[in-house]
Amino acid sequence: MTLSSAPGKVYLFGEHAVVYGEPAVPCAIERRARVGVEQRSDGKLRVHAEDLSLDGFTVEYGGDTNDRPDVDVAENLVDAAMGYVDGAIEQVRDATGEPEVGFDVTIESDIPLGAGLGSSAAVVVAAIDAATRELGVTLEREEIADRAFRTEYDVQDGQASRADTFCSAVGGAVRVEGEDCRAIEAPDLPIVVGFDGGAGDTGALVAGVRALREEYDFAADTVEAIGDVVRNGEKALAAGDLEELGRLMDFNHGLLSALDVSARTLDTMVWAARDAGAYGAKLTGAGGGGCIVALDPTEATETALKFTPGCEDAFRAALAEDGVKRLE
Ligand code: PMV
């Protein structure tokens with residue numbers, strides 16, 4: 001078996017606006033998806049998943065019509081998860097020149113699904129790395145990132161930036177602006193995550209911002225204003241100025257609210273973090289539900305979040321220096 005892991009991420013700045021060419025700064029965190037892969041001789045794909053914030057499931061199919069899974073979890077979640085794994089394996093077949101190859105795939109993840117922490121990107125990145133290596137091909141991180149992006153782009157009907165997949169593949173803090181993706185220097189940030197136990201529908205939220213932007217000039221201006229916050233954020237990050245970073249994260253959250261992608265639970269957690277003395281706090285990812293990210297070197301924010309109605313889990317998340325890791 002060949003085993004790889006890849007980290008989830010938080011957006012320090014720039015989600016949604018990145019879809020329209022503004023820069024974004026995501027940062028990889030030490031919450032990982034691990035994907036184990038073993039080649040099969042019959043060309044089929046069998047996927048076993050655990051801990052995906054839903055019941056574990058096993059799916060066996062060969063791409064034929066009647067080969068659908070019989071499992072005890074919501075069909076749309078299985079379909080979504082399978083879409084990503086399928087797409088990743090298609091990339092592997094293409095990269096290795098083995099169009100008929102099949103695999104047993106085992107997925108374990110401690111990144112909540114669809115909650116703004118890049119769970120799908122981490123699974124796709126780890127799957128592409130493990131399955132190509134299983135066939136004796138080792139891809140550069142940049143190529144893994146690119147192939148993982150293409151997978152997300154297809155599964156999400158073209159509603160994907162390169163931010164999640166690049167960040168998960170290379171680790172650390174990164175800057176993404178259109179096609180231009182690069183690693184940037186970042187101090188060890190005191191990241192605290194609050195999770196409301198829910199998930200947002202990324203496709204619907206991205207489509208909502210697109211519609212708003214077409215209807216109202218203020219929304220187009222808001223997207224540009226987020227870009228301005230991101231550029232200031234980059235300077236604060238380079239200077240290691242946590243106070244300024246937090247202040248800019250607060251502004252970024254306000255602008256995301258103006259684009260109608262926040263939620264009461266997210267706003268409540270953001271305010272709980274600020275009241276607890278965090279440098280700043282904002283939603284992370286598509287919004288609608290899921291996670292917030294705050295900066296606080298003390299225990300206060302994590303403790304406050306644990307007592308906040310609507311917050312299901314709060315945890316400290318170290319910056320992940322490594323992106324995809326080759327474990328076996
Ligand atoms: O919620 P996530 O982790 O899938 O992040 C979505 C980020 C968006 O900017 C809204 C979309 C994208 O692909 O960049």
Side-chain angles (χ1 to χ4, degrees), residues 6-29 31-33 52-53 77 80-81 83-84 87 109 111-125 145-146 148-169 174-181 191 193-196 198-213 219 222-224 226-227 229-230 233 252-253 255-263 265-266 282-293 317 320:
K9 58 104 224 321
V10 291
Y11 272 92
L12 292 176
F13 302 107
E15 56 274 86
H16 283 290
V18 70
V19 175
Y20 307 99
E22 299 295 341
V25 179
C27 176
I29 57 169
R31 284 248 154 173
R32 287 183 172 262
L52 295 180
S53 284
L77 284 177
Y84 287 110
S109 171
I111 311 166
L113 273 188
L117 298 186
S119 55
S120 55
V123 167
V124 170
V125 164
D146 185 54
F149 162 68
R150 283 192 255 158
T151 304
E152 287 216 324
Y153 189 86
D154 290 344
V155 177
Q156 294 168 198
D157 294 327
Q159 315 264 28
S161 70
R162 292 178 176 271
D164 278 29
T165 38
F166 184 75
C167 186
S168 187
V174 307
R175 178 190 200 275
V176 174
E177 185 172 2
E179 305 264 299
D180 180 34
C181 304
I191 296 170
V193 174
F195 175 39
D196 71 3
D201 179 339
T202 302
L205 289 151
V206 171
V209 171
R210 171 159 292 134
L212 211 58
R213 199 169 156 266
T222 302
V223 166
E224 280 182 31
I226 291 176
V229 169
V230 180
N252 198 159
H253 182 78
L255 294 169
L256 287 165
S257 289
L259 293 175
D260 203 22
V261 296
S262 192
T265 48
L266 300 176
K282 61 182 278 298
L283 69 83
T284 172
C291 291
I292 65 136
V293 53

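The basis for the numbers below is simple: all heavy atoms, side chains too, and nothing from hydrogens, waters or symmetry mates. Nothing fancy with the numbering, it's 1 onward along the sequence. Since we're looking at a predicted model, the values are computed, not measured. Order of appearance sets the numbers: ligands from 1, and atoms from 1 within every ligand.
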Visitor: Number the atoms of ligand 1 from 1 as they appear, then name those within less than 4.0 Å of a heavy atom of G116, with their elements.
Guide: 1 (O), 3 (O)
Visitor: Return the residue, atom name and 0.1 Å-rounded distance of the protein heavy atom closest to atom 14 (O) of ligand 1.
Guide: S161 OG, 2.6 Å
Visitor: Looking only at protein heavy atoms, which one is nearest to atom 4 (O) of ligand 1, and how far off is it?
Guide: T202 OG1, 3.6 Å
Visitor: Side chain or backbone, does K9 bring an N or O within less than 3.5 Å of an N or O on ligand 1?
Guide: yes
Visitor: Any salt bridge between D146 and R162, counting N to O under 4.0 Å?
Guide: yes
Visitor: Does any N or O in the side chain of T151 come within less than 3.5 Å of the main-chain N or O of Y84, such that one atom is a donor and the other an acceptor?
Guide: no
Visitor: Look only at the side chain of K282 and the backbone of Y11, and say whether a donor-acceptor pair between them is shorter than 3.5 Å.
Guide: yes
Visitor: Using 4.0 Å as the upper bound for N to carboxylate O, is an ion pair formed by R150 and D154?
Guide: no
Visitor: Where does L205 meet ligand 1, judged by heavy-atom distances below 4.0 Å: at the side chain, the backbone, both, or neither?
Guide: neither
Visitor: For atom OH of Y20, is the number of surrounding heavy atoms from other residues, nucleotides or ligands below 6.0 Å larger than 12?
Guide: yes
Visitor: For A286, is there any backbone N or O sitting under 3.5 Å from a side-chain donor or acceptor partner on H16?
Guide: yes
Visitor: Which residue holds the protein heavy atom closest to atom 7 (C) of ligand 1, what is that atom called, and what is the gap in Å?
Guide: Y11 OH, 3.7 Å
Visitor: Heavy-atom contacts with V18 under 4.0 Å: which atoms of ligand 1 show up? List them by number with element.
Guide: 9 (O), 14 (O)
Visitor: Could you give me the CA-CA distance, side-chain angles and deciding distance for I191 and I29, then say whether side-chain contact (heavy atoms from CB on, under 4.5 Å) is met?
Guide: CA-CA 9 Å; I191 296 170; I29 57 169; 4.2 Å; yes
Visitor: Which residue owns the protein heavy atom closest to atom 8 (C) of ligand 1, what's the atom, and how far is it?
Guide: H16 N, 3.9 Å
Visitor: Do any nitrogen or oxygen atoms of A286 come within less than 3.5 Å of a nitrogen or oxygen of ligand 1?
Guide: yes
Visitor: Which atoms of ligand 1 sit under 4.0 Å from any heavy atom of G118?
Guide: 3 (O)
Visitor: Measuring from the heavy atoms of A163, does anything fall under 4.0 Å of ligand 1?
Guide: no
Visitor: Taking E15 for its side chain and G285 for its backbone only, find out whether a donor-acceptor pair lies under 3.5 Å.
Guide: yes
Visitor: Quick one: which ligand 1 atoms are inside 4.0 Å of a heavy atom on E15?
Guide: 9 (O)
Visitor: Heavy-atom contacts with A160 under 4.0 Å: which atoms of ligand 1 show up? List them by number with element.
Guide: 13 (O)
Visitor: Which residue, C181, C27, C167, forms the side-chain contact (heavy atoms from CB on, under 4.5 Å) with V174?
Guide: C167
